[in-house]
Participant: 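Here's a structure for you.
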Amino acid sequence: MAARGPGRVSVLLPTYNERDNLPLVVWLLARTFSDSGIDFEIIIIDDGSPDGTQEVAQQLEKIYGSDKILLRPRAKKLGLGTAYIHGMKYATGDFIVIMDADLSHHPKFIPEFIRKQKEGNFDIVSGTRYKGNGGVYGWDLKRKLISRGANFLTQVLLRPGASDLTGSFRLYRKEVLQKLMEKCVSKGYVFQMEMIVRARQLGFTVGEVPISFVDRVYGESKLGGNEIVSFLKGLLTLFATT
Amino acid sequence: MTKLAQWLCGLALLGSAWAALALAPPGLQPPGPLRQALLPLPVYLLVAFGCYSLATVGYRLATFNDCEEAAAELQEQIRAARADLRRRGLRLGAE
Ligand SMILES: Nc1nc2c(ncn2[C@@H]2O[C@H](COP(=O)(O)OP(=O)(O)OP(=O)(O)O)[C@@H](O)[C@H]2O)c(=O)[nH]1
Ligand SMILES: [Mg+2]
């Protein structure tokens with residue numbers, strides 16, 4: 001096989017009950033990459049979704065080919081953090097994009113991430129809802145207030161040098177992601193925060209691209225309940241330990 | 001040094017500087033009006049920081065972009081994607 005070009009991107013798509021969203025996000029990804037001439041692969045990590053996500057994934061594998069769509073399922077719901085670690089083992093790209101499969105993160109931003117990466121030779125490019133043209137759709141005032149308040153508190157306490165710590169739409173250099181995964185221990189939103197904080201500690205550079213976050217159209221959110229409490233706990237832990 | 005330690009250091013530094021000036025023995029005290037301003041300074045700073053926080057969060061809340069166009073564009077693309085995927089033989093659930 002010919003040596004792989006320098007620009008291959010591996011997209012990690014963790015899914016749990018995303019039957020309706022998965023084909024749409026894969027379609028958008030494939031179109032975006034072929035329009036911009038970027039070599040890509042999509043790694044789908046499904047945690048045994050009971051809604052038939054895997055069956056849809058298999059159909060997508062047939063349509064797009066097993067070199068573009070890699071199915072790397074796990075037997076049961078083991079959480080998001082380990083899903084990334086699992087998927088990363090199979091990634092062959094030089095760059096890895098992590099994004100949600102629920103259509104909140106639009107693939108159209110990936111070429112912008114890549115442009116940004118080249119521009120500053122960044123180790124990480126993070127999507128941000130809090131800067132420039134970035135923003136959200138489908139959030140009520142209360143959710144916006146919590147988001148803004150939490151972001152402000154995080155900025156004051158951690159001074160992380162990046163404006164969106166809880167977002168999970170990012171591009172990483174592969175070695176950088178591997179190293180960060182080894183270091184990060186938190187769960188949920190805090191995991192995304194810890195990734196950036198540790199990255200800064202290790203001297204990695206972070207570029208930012210404004211993104212629009214559109215609240216999920218299909219299916220339901222998996223993070224729920226005491227989100228705020230665990231966010232605060234995680235924030236204080238990072239404050240005291242990093 | 002952890003962020004917590006940085007904060008504690010900063011606070012200790014400012015706090016001791018303030019205490020040294022404000023609570024110095026009578027002979028070494030700064031002149032009267034300055035001392036008058038110095039005593040309530042920590043409270044002023046705290047209130048100022050609170051106001052700054054509220055104003056910042058309020059302003060950012062008010063200027064949080066609503067991505068109407070992005071949502072509309074996505075709806076359009078979802079329709080196109082569904083049609084194209086059906087054509088390629090994918091069995092999709094109901095709308
Ligand atoms: N493999 C795997 N994927 C998961 C798991 N939990 C969540 N996901 C996926 O991770 C992504 C993000 O999860 P969401 O439920 O959308 O969480 P969120 O984006 O913080 O919440 P919303 O803002 O309500 O969408 C989605 O693509 C989910 O399908 C899990 O345990 N295993
Ligand atoms: Mg989501």
Side-chain angles (χ1 to χ4, degrees), chain A residues 19-21 23-28 30-31 51-52 55-56 59-60 62-64 103-104 106-108 129-139 141 143-153 155-160 197 210-215 217-218 236-242, chain B residues 1-15 41-95:
Chain A
R19 181 188 58 199
D20 296 315
N21 292 314
L24 303 173
V25 74
V26 166
W27 187 87
L28 285 168
R31 200 184 64 165
D51 77 337
E55 201 192 307
V56 176
Q59 292 186 51
L60 289 166
K62 284 209 192 78
I63 292 174
Y64 288 100
L103 293 176
S104 295
H106 198 294
K108 71 183 172 190
R129 295 162 289 184
Y130 303 115
K131 250 190 184 171
N133 292 324
V136 296
Y137 176 81
W139 283 14
L141 196 65
R143 190 154 175 204
K144 282 183 179 171
L145 176 64
I146 292 172
S147 172
R148 279 302 196 187
N151 184 258
F152 180 78
L153 195 62
Q155 295 296 334
V156 169
L157 292 184
L158 300 181
R159 278 174 285 125
V197 171
I211 59 159
S212 52
F213 177 101
V214 178
D215 212 16
V217 187
Y218 304 103
L236 292 178
T237 308
L238 287 176
F239 179 62
T241 59
T242 65
Chain B
M1 190 156 61
T2 66
K3 284 289 180 305
L4 175 63
Q6 289 176 15
W7 272 83
L8 292 178
C9 277
L11 286 178
L13 220 71
L14 286 175
L41 196 64
V43 180
Y44 286 161
L45 285 179
L46 212 65
V47 171
F49 179 72
C51 290
Y52 166 76
S53 303
L54 284 181
T56 308
V57 172
Y59 176 75
R60 289 180 182 168
L61 179 64
T63 55
F64 212 161
N65 274 337
D66 265 315
C67 305
E68 306 274 351
E69 333 75 54
E73 180 197 52
L74 180 65
Q75 282 306 327
E76 202 54 52
Q77 289 171 337
I78 287 176
R79 266 191 288 280
R82 282 178 160 275
D84 186 49
L85 285 166
R86 274 218 183 81
R87 212 163 34 71
R88 297 199 202 186
L90 186 82
R91 295 186 303 279
L92 284 163
E95 289 282 324

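Chain A is the first sequence line, chain B the second, and so forth, proteins listed ahead of strands; every chain is numbered from 1.
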Participant: Where on A:Leu236 is there a heavy atom nearer than 4.5 Å to chain B: the side chain, the backbone, both, or neither?
Facilitator: neither

Participant: Flag the pair B:Leu14 / B:Leu45 as yes when at least one side-chain heavy-atom distance between them is below 4.5 Å, and no otherwise.
Facilitator: no

Participant: Please state whether the side chain, the backbone, both or neither of B:Ala80 comes within less than 4.5 Å of a heavy atom of chain A.
Facilitator: both

Participant: Any idea which of A:Phe152, A:Tyr137, A:Phe239 has the most non-hydrogen atom pairs under 4.5 angstrom with chain B?
Facilitator: A:Phe239

Participant: Should A:His106 and B:Leu74 be marked as a side chain to side chain contact (heavy atoms under 4.5 Å, CB included) after you check the CA-CA gap, both sets of side-chain angles, and the distance that decides it?
Facilitator: CA-CA 8 Å; A:His106 198 294; B:Leu74 180 65; 3.9 Å; yes

Participant: Contact part of A:Ser212 toward chain B, heavy-atom cut-off under 4.5 Å: side chain, backbone, both or neither?
Facilitator: both

Participant: What part of A:Val217 lies closer than 4.5 angstrom to a heavy atom of chain B: side chain, backbone, both or neither?
Facilitator: side chain

Participant: Heavy-atom cut-off 4.5 Å, strictly under: side chain, backbone, both or neither for A:Leu238 against chain B?
Facilitator: neither

Participant: Answer whether the closest heavy-atom distance between the side chains of A:Leu145 and B:Val57 falls below 4.5 Å.
Facilitator: yes

Participant: Name the member of B:Glu69, B:Gln75, B:Glu73, B:Met1 that forms the most heavy-atom pairs with chain A at distances under 4.5 Å.
Facilitator: B:Glu73

Participant: Please rank A:Ile63, A:Leu24, A:Val136, A:Leu158 by heavy-atom pairs under 4.5 Å with chain B and give me the top one.
Facilitator: A:Val136

Participant: Considering only heavy atoms, which portion of B:Tyr59 lies under 4.5 Å from any heavy atom of chain A: side chain, backbone, both, or neither?
Facilitator: neither

Participant: Does the ring of B:Phe64 carry A:Arg148 above it, NZ/CZ under 6.0 angstrom from centre and within 45° of its axis?
Facilitator: yes

Participant: For A:Ser147, what residues pass the side-chain hydrogen bond (donor to acceptor under 3.5 Å, both in side chains) criterion, not counting sequence neighbours?
Facilitator: A:Tyr130

Participant: Can you tell me how far apart CG (B:Leu90) and CH2 (A:Trp27) are? Round to the nearest 0.5 Å.
Facilitator: 13.0 Å

Participant: By a 4.5 Å heavy-atom criterion (distance strictly below it), what part of A:Lys108 contacts chain B: side chain, backbone, both, or neither?
Facilitator: side chain

Participant: Checking B:Asp66 now: which residues fulfil side-chain contact (heavy atoms from CB on, under 4.5 Å) with it, not counting sequence neighbours?
Facilitator: A:Lys144, B:Glu68

